[in-house]
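Just below is one structure, and these are the notes that go with it.
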Amino acid sequence: MGEFPIGYLGLPLSSRKWSKFECQQLIDKITNKIKLTYTKQLSYAGTLQIINSVFFSIYNFCGSVFIIPQSVLKEVDRKCREYLWGDSENKRKVSLVAWDKVCCSKKNGGLNIKECRFWNMAAVGKMVWQLVVNKDSLWIKWVHGVYLKNGEDIWNHKVPADSSWYCRKIKGLADKMQNWYIHGRYRLTSTGVYSINRSYMELRNDHPKLANAELIWTSVAQPKHRFIMWLTIQNRLLTRERLGKLNIPLEESSYCLCDNQVTESADHLFNGCPWFQEVKKGVEQWTGLQLPLGSLRTILQCIKKKKWKKFQREPVAATWGAMVRDYEDDLQKAESELAKARTRLANAEGRATFVQQMKERYETGVTGWEKEISNLEGEMAKQAKKFKARENIVTP
């Protein structure tokens, strides 16, 4: 006879509540994937794709079937958050946008990453729907035969005190979702069929819709350009001005690709930076379209108001995203070259100092040797005089 917990189709089965230790394999799988896919060369768009495809599929395999402890859900969210922003054990990095905002849908200003806590509730909520519609399955028949007897529905059912932890959780979840049903019909979809994604959105109660979201996430733009536009709209670009507000030490607060000695900020980038203006003129000559001035939010609003067709609006918006991304890339390259130049200068100064020290030590040593030789020569001359004097005395 076997003993619980046992594995079945890759899932651990247990006769009691899952403990954090039993769920550790879920965290370990995600941690191993992070170690395999982590690289400094991966862009934000690349990490976002891995989170939404690889990490989510690992979590969803368990989270769509079992109620997972809250501590485990928080740990999974933390792993995903750190991976998105490049945080690791060896190097701490700033989270540019709050996790609650990141987990919103794209049309609501987020990145459409599924927050584990709400997704687990929405996924397990499908069991409630199956109980309500009395779906033909072995588990539903067992529940109706043991708990919901004599045609009793789940809304009026009182859970016995000796019921399992899982049954009590299912009943508590059903009470939260009761207003989603009208006369036993699921009302969040037109067909009445349960939707995990629609239930998830209802549980999250997302932020207001983001204006011009369709221009930010246009398929015409490259993924990394779309991400940088999203960061710009959120006012979360890591400019020198923002780094100063975060109390991050800076060597030069006015560093920019242009020669103007001003603090690098988003306002300077879009309105006063000569480098950016030159790029804008080149893009206008190339596309033949007049691009507006102002912040990226203002620019997207102007593009949307223009009576352009979709195939005109989206490429112009994508062009602005590419311009911002190119600025960030060129700035990082310039900073990297500056850091290398400073390193080379420091190394050169260090070598020059070392040579000077060796020269001084050599000159000091030569001077010391000359004194020693002079003293020895003097001593030898004295000894020679004494020896000659003795010879004169002995010789008649």
Side-chain angles (χ1 to χ4, degrees), residues 8-9 11 13-18 52 56-57 59-70 72-74 76-77 100-101 103-110 112-210 213-214:
Y8 178 72
L9 298 178
L11 294 172
L13 300 182
S14 178
S15 59
R16 54 186 174 81
K17 174 185 174 182
W18 270 20
N52 281 337
F56 176 71
S57 62
Y59 157 73
N60 191 47
F61 186 67
C62 296
S64 60
V65 180
F66 300 108
I67 299 176
I68 299 178
Q70 292 296 311
V72 177
L73 297 177
K74 290 179 180 179
V76 174
D77 276 337
D100 180 65
K101 184 75 172 179
C103 292
C104 292
S105 62
K106 291 181 177 179
K107 67 179 181 181
N108 294 100
N112 205 29
I113 295 177
K114 299 298 186 290
E115 190 173 0
C116 293
R117 177 168 62 97
F118 291 115
W119 186 262
N120 188 218
M121 292 172 63
V124 177
K126 190 172 184 178
M127 297 182 184
V128 177
W129 173 77
Q130 291 174 345
L131 289 171
V132 173
V133 300
N134 197 12
K135 189 175 180 181
D136 187 16
S137 69
L138 181 61
W139 180 74
I140 298 299
K141 291 179 180 179
W142 177 81
V143 172
H144 280 280
V146 176
Y147 293 101
L148 305 179
K149 299 178 181 179
N150 301 323
E152 185 182 12
D153 59 33
I154 192 172
W155 315 120
N156 300 319
H157 174 68
K158 293 183 179 180
V159 181
D162 59 347
S163 295
S164 66
W165 171 86
Y166 209 89
C167 289
R168 294 196 298 272
K169 282 292 183 179
I170 291 289
K171 173 57 179 173
L173 190 59
D175 293 339
K176 291 182 180 180
M177 299 178 174
Q178 187 172 1
N179 61 343
W180 296 358
Y181 295 85
I182 299 177
H183 303 299
R185 187 177 187 276
Y186 182 72
R187 66 174 181 83
L188 298 183
T189 58
S190 58
T191 59
V193 178
Y194 188 84
S195 169
I196 297 178
N197 191 58
R198 188 66 188 86
S199 300
Y200 170 79
M201 301 297 292
E202 190 73 14
L203 287 169
R204 274 195 54 85
N205 191 18
D206 262 349
H207 296 260
K209 288 187 177 181
L210 175 65
E214 69 278 6

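For the atom pair W142 CH2 and W139 CH2, the distance stands at 8.5 Å (nearest 0.5 Å). Atom CZ of R198 and atom OG1 of T189 lie 9.0 Å apart (nearest 0.5 Å). Put simply, CD1 on I154 and CD on Q178 are 10.0 Å apart, with the number rounded to the nearest 0.5 Å.
Nearest heavy-atom pair across K101 and G109 is CE-O, 3.6 Å. Across every non-hydrogen atom of I67 and Y166, the tightest pair is N-OH, 3.4 Å. Taking all atoms of both residues into account, the shortest heavy-atom contact from W180 to E202 is NE1-CG, 3.5 Å.
Scored by the salt bridge (charged side-chain N to carboxylate O under 4.0 Å, His left out) test, D153 finds no partners at all (sequence neighbours excluded). Taking the side chain to side chain contact (heavy atoms under 4.5 Å, CB included) definition, one finds that D77 meets it with W99, E115, C116, sequence neighbours left out.
Remark: the backbone N or O of V133 is not paired with any side-chain donor or acceptor of R185 at under 3.5 angstrom. Counting only distance, with no hydrogens or angles, the side chain of K171 and the backbone of W155 share a donor-acceptor pair below 3.5 Å.
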One pair to check against side-chain contact (heavy atoms from CB on, under 4.5 Å): N108 and L210. What are the steps and the verdict? CA-CA 5 Å; N108 294 100; L210 175 65; over 6 Å; no
Do K114 and N197 pass the side-chain contact (heavy atoms from CB on, under 4.5 Å) test, and can you show the C-alpha distance, the side-chain angles, and the key distance before you say yes or no? CA-CA 9 Å; K114 299 298 186 290; N197 191 58; 3.5 Å; yes
Y194 and L188: side-chain contact (heavy atoms from CB on, under 4.5 Å), yes or no, with the steps? CA-CA 8 Å; Y194 188 84; L188 298 183; over 6 Å; no
Check step by step if side-chain contact (heavy atoms from CB on, under 4.5 Å) holds for Y200 and C103. CA-CA 11 Å; Y200 170 79; C103 292; 4.2 Å; yes
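For the 3.5 Å distance criterion, the side chains of S195 and Y186 fail to qualify, holding no donor opposite an acceptor.
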Under 3.5 Å, sequence neighbours excluded: what are the donor-acceptor pairs made by side chains of residues 117-129?
unit_1: W119; atom_1: NE1; unit_2: N60; atom_2: OD1; d: 2.8
unit_1: N120; atom_1: OD1; unit_2: I68; atom_2: N; d: 3.1
unit_1: N120; atom_1: ND2; unit_2: G63; atom_2: O; d: 2.7
unit_1: N120; atom_1: ND2; unit_2: F66; atom_2: O; d: 2.9
unit_1: W129; atom_1: NE1; unit_2: G192; atom_2: O; d: 3.3

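At most 12 heavy atoms of other shown residues, nucleotides or ligands fall within 6.0 angstrom of atom NZ in K169.
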